[in-house]
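Keep in mind it's a predicted model, so treat the numbers as computed, not measured. Just the heavy atoms: all of them, side chains too, but no hydrogens, waters or symmetry mates, feed the values below.
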Amino acid sequence: MATRKFRCKVCGYVYEGDSAPDKCPVCNADASQFEEVTESPTPAKKKIDTNSNTYTIIYAAVMVVVVAFVLAFVNSSLREKQDENVRLDTKKQILSSLGIYSADAGADYSKYVKSDVLINPATGLQETVVDDADFATNYENESKAGRYHVFVCEVDGETKYVIPVNGVGLWGAIWGYIALDQDKQTVYGTYFSHASETPGLGAEIAGKPFQDLFKGKQVMDGADVALSVVKYGTSEGSQYKVDGISGGTITSTGVNDMLHTCLGNYINFLTAK
């Protein structure tokens with residue numbers, strides 16, 4: 001049988017036994033001054049209800065914060081590498097317009113591209129300055145800021161000029177580079193790409209068959225940009241026109257508008273002797 005406990009209400013003395021003592025051994029209080037001490041059972045710990053809405057919301061919120069933190073950390077850690085990859089890809093595109101498909105874009109870019117210059121569209125080459133800023137990868141933003149780039153290159157001992165162009169296709173952005181011979185009139189090569197054009201149709205602007213159609217075409221007719229993309233099957237015999245993509249009319253029109261708009265900023269450069 002468990003021992004009972006009794007506490008003296010006068011002095012607080014605790015007595016253990018079957019019944020209260022006749023007198024308190026500390027203060028001599030009689031048995032009537034004792035009270036039995038009963039201990040409450042330790043309450044059971046409340047378990048978390050993992051099926052409750054509150055638990056689900058809190059858990060989801062914590063996970064979102066943790067995942068966001070991890071993604072932000074990874075993105076920050078890889079940012080320099082990502083930026084370098086974008087720069088290398090841009091250099092590959094510039095080289096592709098020259099017909100150079102490189103596995104080492106960094107080295108070949110330095111080999112073939114002699115300078116990245118900026119022109120004043122009002123005066124052309126006469127006020128060309130070497131671009132001493134960081135290598136640009138978004139030439140739409142560059143042109144909006146009035147920075148018109150020309151890449152001066154040398155291929156097989158001959159000077160070539162590469163001009164960046166950008167525009168809008170059927171579903172999104174399109175862009176590219178036009179490489180010109182030293183006369184700044186004859187197309188040496190092109191490179192076009194897109195963000196989301198339709199595979200097999202507008203996306204064909206990124207294919208070599210379409211890009212090769214521009215080789216040898218003339219850019220200017222007098223003081224006007226004449227290089228154009230026209231309805232499929234109607235360019236035969238023209239030194240300025242290229243057939244658009246069959247079934248990709250809107251994207252083809254986008255390329256045509258891109259050429260006229262962007263090259264229009266270089267008219268004084270293209271016509272300067």
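Applying the salt bridge (charged side-chain N to carboxylate O under 4.0 Å, His left out) definition to pairs two or more places apart or across chains, none involves residues 88-111. Residue pairs that meet the salt bridge (charged side-chain N to carboxylate O under 4.0 Å, His left out) test with at least one member in residues 218-236, sequence neighbours left out, do not exist here.
Tracing side-chain contacts under 4.5 Å through hydrophobic residues (I, L, V, M, F, W, Y), one reaches V150 starting from V165; they form part of the same cluster. At a threshold of 4.5 Å between side-chain heavy atoms, the hydrophobic network of Ile, Leu, Val, Met, Phe, Trp and Tyr places V187 and I163 in one connected group. Two different hydrophobic clusters hold V219 and L98 under the rule that ILVMFWY side chains link at heavy-atom gaps under 4.5 Å. There is no path of hydrophobic side-chain contacts, each under 4.5 Å, that joins I178 to Y191.
At a threshold of 4.5 Å between non-hydrogen side-chain atoms, the residues M258 and L263 do not count as touching. Using a 4.5 Å heavy-atom threshold, the side chains of D30 and D22 count as separate. For the pair Y101/K208, a side-chain contact is recorded, criterion being any heavy-atom separation below 4.5 Å from C-beta on.
The aromatic rings of Y109 and F151 lie perpendicular to each other, with more than 60° between the two planes, well past the 30° mark. Between F69 and F73, the ring planes are parallel. Angles under 30° get that label, and only those over 60° would be called perpendicular. Classification of the F214-F210 ring pair by plane angle, with boundaries at 30° and 60°, yields perpendicular.
When all heavy atoms are compared, the tightest approach of S235 to V230 is CB-CG2, 3.9 Å. Between E197 and T251, the shortest heavy-atom distance links the atoms OE1-OG1, 2.5 Å. Across all non-hydrogen atoms, the minimal contact from A133 to D131 is N-OD1, 3.1 Å.
Counting only distance, with no hydrogens or angles, the side chain of E35 and the backbone of K9 share no donor-acceptor pair below 3.5 Å. Side chain of S97 to main chain of G189: no donor-acceptor pair is present (N/O by atom type, distance under 3.5 Å, no hydrogens or angles). Remark: side-chain polar atoms of T190 are paired, donor with acceptor, to backbone N or O of Q211 under 3.5 angstrom. Remark: side-chain polar atoms of R4 are not paired, donor with acceptor, to backbone N or O of G17 under 3.5 angstrom. Checking side-chain atoms of K241 against main-chain N and O of A226 turns up no donor-acceptor pair under 3.5 Å.
In summary, the side chains of T186 and Q218 do present a donor paired with an acceptor at a separation below 3.5 Å, with no hydrogens or angles considered.
Ion pairing between a basic and an acidic side chain is recognised when a charged N comes within 4.0 Å of a carboxylate O; K5 and E36 show no such pairing. Checked for salt-bridge contact, D181 and K160 meet the test: a charged N lies under 4.0 Å from a carboxylate O. Taking the charged nitrogens against the carboxylate oxygens, K81 and E84 have no contact shorter than 4.0 Å, which rules out a salt bridge.
Under a cut-off of 6.0 angstrom, the local environment of OH in Y232 is sparse, with at most 12 non-hydrogen atoms contributed by other residues, nucleotides or ligands. In the displayed structure, K114 atom NZ is contacted under 6.0 Å by more than 12 heavy atoms of other residues, nucleotides or ligands. Under a cut-off of 6.0 angstrom, the local environment of CD in Q82 is crowded, with over 12 non-hydrogen atoms contributed by other residues, nucleotides or ligands. For L88, the CG atom sits in a packed shell: over 12 heavy atoms of surrounding residues, nucleotides or ligands are nearer than 6.0 Å.
For the atom pair Y148 OH and N268 CG, the distance stands at 12.0 Å (nearest 0.5 Å).
Ring to ring, Y161 and Y177 are not that close: their centroids are 6.0 angstrom or more apart.
Under the salt bridge (charged side-chain N to carboxylate O under 4.0 Å, His left out) criterion, K144 pairs with E140, not counting sequence neighbours. Listed by chain and residue number, nothing satisfies the side-chain hydrogen bond (donor to acceptor under 3.5 Å, both in side chains) test with R7 (two or more places apart in sequence, or in another chain). Residues meeting the salt bridge (charged side-chain N to carboxylate O under 4.0 Å, His left out) test with K215, sequence neighbours left out: D212.
The hydrophobic cluster containing Y15 also includes F6, Y13, V26, F34, under a criterion of side-chain heavy atoms closer than 4.5 Å among ILVMFWY residues, counted directly or through chains of members.
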